[in-house]
Structures are given as C-alpha cells and as structure tokens.
Amino acid sequence: MKQLVSEAVMKLAEQIQLPERVFHMEDLPWVPFDEGEVNCHFKPLRFDLTTGSWTYLFKIKSNKILTRHRHTGGNVIGYNLQGQWRYEGRDWVARPGSFIFEPPGDVHTLITGDEEVITLFILGGALQYFDENNMIIGQDDVYTVLKKYRDYCEENKIDVIEELIY
C-alpha cells in the first residue's frame with residue numbers, strides 16, 4: 001500500500017505547526033467581565049487574533065439577567081458545565097452537559113437559574129449590547145476581552161500568560 005502522506009510533508013508540518021498548549025484551570029484567574037456591579041467573570045483559555053475568536057470559561061451569578069446582545073462575525077459554541085441558563089423567549093434550558101450552537105446575528109437575553117453558571121464558550125466576531133430602544137450601547141471582541149485580562153493581571157500583580165494568544 002502506498003503511503004498517503006510523505007515523510008517530507010509530515011516533517012514540514014512538525015517544523016512549522018503551532019506548539020501544543022496545556023493550561024491548568026487553577027493557574028488562570030477569574031477576570032471580571034462587566035463593569036460596575038460584577039455579575040460575570042471569565043477564565044481566558046485562548047485569544048486567536050488571526051480569526052478574531054476567543055475561548056473562555058464564563059461564570060455568571062445565579063438569578064441574573066444579562067444585557068440583550070448579538071454575536072456578529074462568527075458563531076458561538078458553548079458547553080454548559082454548571083448551573084442552568086436560558087434565553088428569554090426560547091423553549092430550551094442549558095443544563096450541565098448541554099451543547100449550544102448560536103448562529104451569527106442571533107439576538108438574545110441570557111437568564112440564569114438559582115445556581116451559579118459556568119459555561120465553556122468559543123466565540124468569534126463581536127458581542128454588541130443593546131438598550132431597550134435597540135441602540136448599541138457597548139461592544140466586546142477578542143481585543144477588548146484580551147485587554148480586560150491584561151488589565152486585571154496588571155492591577156492584581158498577576159503574570160499575564162502570553163501563551164494564551166495563539
């Protein structure tokens with residue numbers, strides 16, 4: 001049987017590919033996500049500046065309603081680890097073990113249940129926040145989330161893990 005991929009191609013891939021990354025959750029801080037009364041925190045896992053996507057654990061206090069928002073420029077993948085949450089007006093509830101896919105452009109309001117929520121999210125593009133008149137009142141993207149992480153580390157004398165950017 002003929003070899004499908006030549007040794008030369010495999011060696012080239014090994015030479016130029018990104019290195020593996022392994023991060024232990026206890027080594028990463030919970031960074032406040034919102035301003036003022038902090039209801040949400042995140043643990044950064046990856047900032048991909050080439051695609052504008054980021055991956056994080058997102059923790060939300062119990063019995064909270066987050067600002068109505070829209071994801072632009074990419075879909076959202078989620079895997080719920082703890083607690084329950086839903087979107088206002090939707091028929092489903094994310095509970096531990098739920099996989100969530102959100103298409104770009106979807107507008108929703110996240111509501112948590114009686115327990116603190118932790119969900120793994122992979123996001124692309126931007127999050128745009130809306131007021132009651134459908135006016136955009138704020139936005140987050142890979143750069144604003146990275147800045148929140150770096151600022152938090154600086155303010156708390158924590159080393160920034162630059163290897164999170166890949």
Side-chain angles (χ1 to χ4, degrees), residues 23-49 51-161 164-165:
F23 302 104
H24 300 285
M25 294 305 102
E26 66 271 11
D27 297 336
L28 301 169
W30 282 110
V31 179
F33 190 81
D34 37 2
E35 296 176 10
E37 179 188 346
V38 178
N39 294 309
C40 307
H41 290 80
F42 71 95
K43 263 188 196 279
L45 303 175
R46 182 177 189 201
F47 298 101
D48 185 340
L49 303 183
T51 65
S53 64
W54 68 98
T55 304
Y56 59 26
L57 288 176
F58 199 55
K59 179 168 65 172
I60 312 164
K61 291 181 179 177
S62 62
N63 300 306
K64 294 298 176 186
I65 300 173
L66 301 188
T67 304
R68 194 163 54 94
H69 62 279
R70 170 177 61 194
H71 301 275
T72 68
N75 55 34
V76 176
I77 302 294
Y79 182 77
N80 196 42
L81 299 165
Q82 175 184 303
Q84 294 187 5
W85 59 272
R86 63 183 178 86
Y87 287 146
E88 184 176 58
R90 307 290 168 84
D91 294 335
W92 56 268
V93 174
R95 57 185 192 278
S98 295
F99 171 83
I100 302 97
F101 168 81
E102 301 173 17
D106 190 44
V107 178
H108 43 256
T109 301
L110 192 150
I111 302 169
T112 62
D114 293 335
E115 182 184 352
E116 182 177 74
V117 166
I118 298 177
T119 302
L120 171 69
F121 280 118
I122 303 167
L123 304 102
L127 284 164
Q128 295 178 324
Y129 307 102
F130 295 96
D131 68 10
E132 60 280 348
N133 298 313
N134 291 326
M135 300 299 295
I136 296 174
I137 57 171
Q139 180 169 303
D140 275 306
D141 60 24
V142 67
Y143 298 103
T144 63
V145 177
L146 176 57
K147 184 168 182 347
K148 288 177 190 189
Y149 167 63
R150 285 186 168 166
D151 289 351
Y152 179 82
C153 288
E154 182 179 324
E155 291 165 12
N156 292 278
K157 310 285 190 265
I158 299 170
D159 290 335
V160 172
I161 301 172
L164 293 171
I165 305 169

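Computed over heavy atoms, backbone and side chain alike; hydrogens, waters and symmetry mates excluded. Please read these numbers as outputs of a predicted model, since none were measured by experiment.
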What's the separation between atom [atom1] in [X] and atom [atom2] in [Y], rounded to the nearest 0.5 Å?
X: Gln82; Y: Thr119; atom1: CD; atom2: OG1; result: 9.0 Å
X: His24; Y: Leu28; atom1: NE2; atom2: CG; result: 9.5 Å
X: Thr72; Y: Leu127; atom1: OG1; atom2: CG; result: 8.0 Å
X: Asn75; Y: Phe101; atom1: CG; atom2: CZ; result: 4.5 Å

Residue list, side-chain hydrogen bond (donor to acceptor under 3.5 Å, both in side chains) with Arg86, at least two apart or on another chain: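 Per chain and number, Arg86 pairs via side-chain hydrogen bond (donor to acceptor under 3.5 Å, both in side chains) with no residue.
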Results of side-chain hydrogen bond (donor to acceptor under 3.5 Å, both in side chains) for Gln128 - residues two or more places apart only: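 Partners of Gln128 by the side-chain hydrogen bond (donor to acceptor under 3.5 Å, both in side chains) criterion, ordered by chain and then number, come out as Arg70, Gln139.
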Got [X] and [Y] here, is their nearest side-chain heavy-atom distance under 4.5 Å?
X: Glu115; Y: Gln84; result: no
X: Phe42; Y: Tyr149; result: yes
X: Val145; Y: Phe33; result: yes
X: Leu66; Y: Cys40; result: yes
X: Asn134; Y: Arg68; result: yes
X: Leu110; Y: Thr112; result: yes
X: Leu45; Y: Leu120; result: yes

If you look at every heavy atom in [X] and [Y], which pair is closest and at what distance?
X: Ile161; Y: Asp27; result: CD1-O, 4.0 Å
X: Cys153; Y: Val160; result: CB-CG2, 3.6 Å
X: Arg90; Y: Asp106; result: NH2-OD1, 3.1 Å
X: Gly73; Y: Pro104; result: N-CB, 4.4 Å
X: Tyr152; Y: Pro29; result: CE2-CB, 3.8 Å

Can you name the ring pair (Phe, Tyr, Trp, His ring centres under 6.0 Å) partners of His41, sequence neighbours left out?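 Result, ring pair (Phe, Tyr, Trp, His ring centres under 6.0 Å) vs His41: none returned.
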Measure the acute angle between the ring planes of His69 and Tyr129, then classify it against the limits of 30° and 60° as parallel, tilted or perpendicular.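 Tilted: the ring planes of His69 and Tyr129 meet at 30° to 60°.
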Does a donor on one side chain sit under 3.5 Å from an acceptor on the other, for Asp114 and Ser62?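 Not at all, the side chains of Asp114 and Ser62 share no donor-acceptor pair under 3.5 Å.
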Tell me whether Asp141 contacts the main-chain N or O of Tyr143 through its side chain, where contact means a donor paired with an acceptor under 3.5 Å.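 It does hold such a pair.
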Do side-chain atoms of Asn133 reach the backbone of Met135 as a donor and acceptor pair under 3.5 angstrom?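 Checking the backbone N and O of Met135 against the side chain of Asn133, no donor-acceptor pair under 3.5 Å is found.
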Give a yes or no on whether Ile65 atom CD1 has more than 12 heavy-atom contacts from other residues, nucleotides or ligands under 6.0 Å away.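 No, because the 6.0 Å sphere around CD1 of Ile65 holds 12 heavy atoms or fewer from other groups.
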Please indicate whether Glu35 has more than 12 foreign heavy atoms, meaning atoms of other residues, nucleotides or ligands, lying under 6.0 Å from its CD.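 No, because the 6.0 Å sphere around CD of Glu35 holds 12 heavy atoms or fewer from other groups.
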State plainly whether the residues Lys64 and Asp34 are in salt-bridge range, i.e. N to O under 4.0 Å.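 No.
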From CA spacing to verdict: side chain to side chain contact (heavy atoms under 4.5 Å, CB included), Ile100, Val76: CA-CA 8 Å; Ile100 302 97; Val76 176; over 6 Å; no
Under 3.5 Å, sequence neighbours excluded: what are the donor-acceptor pairs made by side chains of residues 91-99?
from	atom 1	to	atom 2	distance (Å)
Ser98	OG	Arg95	N	3.0
Ser98	OG	Arg95	O	3.0

Quick one: salt bridge (charged side-chain N to carboxylate O under 4.0 Å, His left out) pairs with a partner in residues 142-151, sequence neighbours left out?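 Residue pairs with at least one partner in residues 142-151: Asp140-Lys148, Lys147-Asp151, Arg150-Glu162.
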Go through Ile137 and Phe130 one step at a time and tell me if the side chain to side chain contact (heavy atoms under 4.5 Å, CB included) criterion holds. CA-CA 6 Å; Ile137 57 171; Phe130 295 96; 5.8 Å; no
Please report, to 0.1 Å, the donor-acceptor pairs under 3.5 Å made by any side chain of residues 53-60, with sequence neighbours excluded.
from	atom 1	to	atom 2	distance (Å)
Ser53	OG	Thr51	OG1	2.8

Verdict with supporting geometry, Lys43 and Phe23, side chain to side chain contact (heavy atoms under 4.5 Å, CB included): CA-CA 11 Å; Lys43 263 188 196 279; Phe23 302 104; over 6 Å; no
Dump the intermediate steps for salt bridge (Lys or Arg N to Asp or Glu O under 4.0 Å) on Lys61 and Glu37, then the final yes or no. CA-CA 11 Å; Lys61 291 181 179 177; Glu37 179 188 346; 5.3 Å; no
